[in-house]
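Notes follow the structure.
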Amino acid sequence: MSIKTFAAVLSCCLLASCAGPKNGSYSFQILTTNDVHGSFFDSTYVGGNVRRSLIAVKRTVDSVRNAVGEENVILIDAGDILQGDNAAYYFNYVDTVTPHLYPRMAKYMGYDAVTVGNHDIETGHPVYDRVARNLEACGIPFLAGNAIRNDNGKPYFSVYTILKRQGVRIAILGYDNANISNWLSERLWSGMKFENLIPLVQQDVDKVIAKEKPDVVIVSVHSSTGLGDGSQLEGQGLDLMKTLRGVDFLICSHDHKPVVIPSDTLCLINSGSHCRFVGHGEIGLTVEKRKVTSRQLSCELIPVDRLKTDPEMEKAFHDDYLAVKEFTTREVGELMVDLSTRDAYVGMSHYLNLIHTLSISCSPAQISFAAPLTFNGFVKKGKLIYNDLFTIYPFENQIYVVNMSGKEIKDYLEASYDRWINTVASSSEHILKIGNKADARTGQESWSFLERAYNFDSAGGLVYTVDVTKPRGSRIDIKSMAGGQPFDIGKDYKVAMTSYRASGGGGLMKEAGIDTGKIEERIVETYPEFRDLLYNYLKDNATIDPAVIGDPVRIGHWEFIPEEIVGPAMERDMKLLFPNRR
């Protein structure tokens, strides 16, 4: 065959390969996970408890693959993987030499694409850059098309990937949350910015369709389902569903609320969190003359049975599990009093006394802001192991010391307690802002806070009262500094808080009149992750003593007043929130 003839044949073959799938019917199963938060293993390392995990997800996914054929299944994760559990922490920060556990698991499970989440960015450049390299080495793209580089205007991560299954071209585009700059310090995402998903996603979809000619388009966003009214930058799922064209499936995440919204033209899937469900979408295609002439869409949630795991996967990663277990079960000190986050809702508590004590120790801090980070966390007094430190402080937040005026401090506290309590006139009313409603994540009806408890900041380093009979703006009466010095509304103070709060998380800084976009101008000192501060405290002191962490000269004192109203009303509210109180 001559070179000229060979070139002509090759050209025809290439044209044929680009012409689309063969005529016929095709069916593909789209399986999704999101907000795994480090739930890699089914064991909690202590106590013999079994939970849902990627090892159980693997068995669920394989049951679909075995039924329809591996080539007909697409597996996607929508982000928030690298934070929330001992295993993620260990491979993020302790063992940084071994290839990261998650990419190895993702390859073993056969993920086709993984989306970057805000908690993945929270781990910092060294971690997520390493994970991106490890995923790429495994042939899995780490997608975040709205993370744009400052130096050249190009995406920092991959925008999309193309799968080819039975001649059908499937495009997967991925995006992180657009609200990251309001939660995380720019130090964690230096060199980039995060753009609004609207209109960016549609623009990218249009470009991919024009360039790649896909037959199926899937968009994965680490963004809440939202309200669909354009009001939530962190929840743009329904906003996208209303406006996207040319997309078959929209995968949402972030809010931990499992939901599917079927449609003839675009299905929305949010599988919740922590491997409780696998999102399942199905698309049927009819191809005539190598073009898709019709498509049928459906979606549902598949419950994951925590007890049905993949034994081969468990065996393959057993050494990794043992390394994490050994690290997190070693003794680190002694706790001389029970720590309960629920106690923080009614006044001073041992739990927040500890947080305030360590925060104020971050020189030159004079005051600290802190909130209960889990709704109902509990650590029993006795020997502490490193695993307990994750219960005490589950997030990788750094501590910042920030300049604030006395007025800003008071306004901040007024905003915080307004998230937390009502203005009442008698003990027959609810002091706490609670309601009896169905949990969107579990569907079970119970009493719960109307706002998120991790935004219920109290202050350490001050002596003050909170009058529940007065409205916002006049509830907080700051008597003095903890040591008895006067508190001056016109003076500047050094306040310790989490990097999340300083960057705008929860909106309290904004409500105090502070522009968190310029927070760097106010930061006077930074400290490592709080869990590191706690670990170092235990190395130096060996014990957590209630007399030491509750020293009023250091952390001050606050309480709700008047007692004749607060006492009976608070007792009733707490019984509603925690009917099985310890």
Side-chain angles (χ1 to χ4, degrees), residues 181-188 344 348 352-353 355-373 395 397-421 451-452 454-467 472-530 533 552-558:
S181 63
N182 289 319
W183 300 320
L184 303 179
S185 167
E186 188 175 356
R187 302 175 189 199
L188 297 171
M348 299 282 287
L352 276 182
N353 289 351
I355 307 299
H356 285 310
T357 295
L358 295 183
S359 297
I360 291 176
S361 71
C362 295
S363 178
Q366 302 160 283
I367 297 169
S368 70
F369 292 146
L373 295 182
F395 302 110
N397 290 326
Q398 298 84 40
I399 296 296
Y400 288 176
V401 181
V402 178
N403 266 325
M404 293 179 69
S405 71
K407 181 181 185 305
E408 289 169 339
I409 289 167
K410 182 181 184 301
D411 289 346
Y412 182 103
L413 289 173
E414 292 281 3
S416 176
Y417 282 92
D418 195 53
R419 306 283 182 88
W420 184 349
I421 63 168
E451 300 278 352
R452 296 173 178 176
Y454 58 72
N455 289 324
F456 297 171
D457 275 14
S458 63
L462 295 174
V463 176
Y464 65 99
T465 57
V466 184
D467 192 332
R472 174 176 174 171
S474 57
R475 286 179 177 141
I476 310 299
D477 182 12
I478 302 177
K479 310 291 187 181
S480 69
M481 300 295 290
Q485 305 91 339
F487 176 80
D488 188 342
I489 204 78
K491 183 180 175 181
D492 284 349
Y493 295 91
K494 307 294 189 296
V495 184
M497 63 184 71
T498 65
S499 52
Y500 169 80
R501 190 70 79 224
S503 300
L508 293 175
M509 293 289 272
K510 181 179 180 181
E511 291 188 47
I514 295 172
D515 181 1
T516 53
K518 299 179 179 179
I519 197 64
E520 293 291 335
E521 299 174 6
R522 290 176 175 256
I523 296 173
V524 296
E525 193 59 78
T526 62
Y527 284 82
E529 285 82 1
F530 185 87
L533 297 177
V553 175
R554 170 174 264 189
I555 65 169
H557 179 83
W558 74 270

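No side-chain heavy atom of Ser499 sits under 4.5 Å from any side-chain heavy atom of Leu184. Inter-residue side-chain proximity for Asn182 and Lys510 is flagged as unmet; no heavy-atom pair is nearer than 4.5 Å. Taking 4.5 Å as the limit, every side-chain heavy atom of Glu511 sits out of range of all side-chain heavy atoms of Asp418. Side-chain contact between Ile421 and Arg475 is present, with heavy atoms from C-beta onward closer than 4.5 Å. Residues Ile409 and Leu462 form a side-chain contact, since some pair of their non-hydrogen atoms from C-beta on lies under 4.5 Å apart. Side-chain atoms of Asp467 and Ser474, non-hydrogen and from C-beta on, never get closer than 4.5 Å to each other. Annotation: side chain of Met497 is not in contact with side chain of Asp457 (no heavy-atom distance under 4.5 Å). Looking only at side-chain heavy atoms (C-beta outward), Asn397 and Arg501 stay at 4.5 Å or farther from each other.
When all heavy atoms of Cys362 and Ile399 are compared, the closest pair comes out as SG-CG2, 4.0 Å. Residues Tyr464 and Ala459 approach most closely at OH-N, 3.0 Å, considering heavy atoms. Among all heavy-atom pairs drawn from Val463 and Gly556, the shortest one is CG2-CA, 4.3 Å. The two atoms that bring Lys410 and Gly473 nearest to each other are NZ-O, 3.1 Å, heavy atoms only. Here the closest heavy-atom approach between residue Ile523 and residue Tyr400 is recorded as CD1-CD1, 3.5 Å. The two residues Ala502 and Thr516 make their nearest non-hydrogen contact at O-CG2, 3.4 Å.
Under the 3.5 Å distance criterion, the side-chain polar atoms of Tyr500 are left unmatched by any main-chain donor or acceptor of Phe395. Here the side chain of Ser416 pairs no donor or acceptor atom with the backbone of Leu413 at under 3.5 angstrom. Formation of a donor-acceptor pair under 3.5 Å by the Glu408 side chain with backbone atoms of Gly513 is not found in this model. Judged by distance alone, the side chain of Gln366 and the main-chain N or O of Gly461 form no donor-acceptor pair under 3.5 Å. In terms of modelled atom types and a separation under 3.5 Å, the side chain of Tyr454 and the main chain of Gly506 share no donor-acceptor contact. Listed for the Lys407 side chain is no donor-acceptor partner under 3.5 Å among the backbone atoms of Ala512.
Note that the CG atom of Asn353 and the NE2 atom of His557 stand 10.0 Å from one another [nearest 0.5 Å]. Rounding to the nearest 0.5 angstrom, the gap separating the CZ atom in Phe530 from the OG1 atom in Thr498 is 10.5 Å. Between the OG atom of Ser503 and the CE atom of Met509 there is a distance of 9.0 Å, given to the nearest 0.5 Å. Here the CG atom belonging to Leu508 is positioned 10.0 Å from the CZ atom belonging to Phe456, to the nearest 0.5 angstrom. Rounding to the nearest 0.5 Å places CD of Gln398 at 10.0 Å from CG of Leu533.
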Check the pair Met404, Ile514 against side chain to side chain contact (heavy atoms under 4.5 Å, CB included), reporting the backbone distance first and the verdict last.
-> CA-CA 9 Å; Met404 293 179 69; Ile514 295 172; 3.7 Å; yes

Tell me, with the steps shown, if Met348 and Ile555 meet side chain to side chain contact (heavy atoms under 4.5 Å, CB included).
-> CA-CA 10 Å; Met348 299 282 287; Ile555 65 169; 3.9 Å; yes

Donor-acceptor list for residues 488-496 side chains, cut-off 3.5 Å, not counting sequence neighbours:
from: Asp488; atom 1: OD1; to: Gly490; atom 2: N; distance (Å): 2.9
from: Tyr493; atom 1: OH; to: Asp488; atom 2: N; distance (Å): 2.7
from: Lys494; atom 1: NZ; to: Asn403; atom 2: OD1; distance (Å): 3.4

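Take Lys479 and apply the side-chain hydrogen bond (donor to acceptor under 3.5 Å, both in side chains) test, not counting sequence neighbours, and it matches Asp477. For Phe369, the ring-ring contact (aromatic ring centres under 6.0 Å, His included) test picks out Tyr412, with sequence neighbours left out.
The aromatic rings of Trp420 and Trp558 sit perpendicular, their planes meeting at an angle over 60°, well past the 30° parallel limit.
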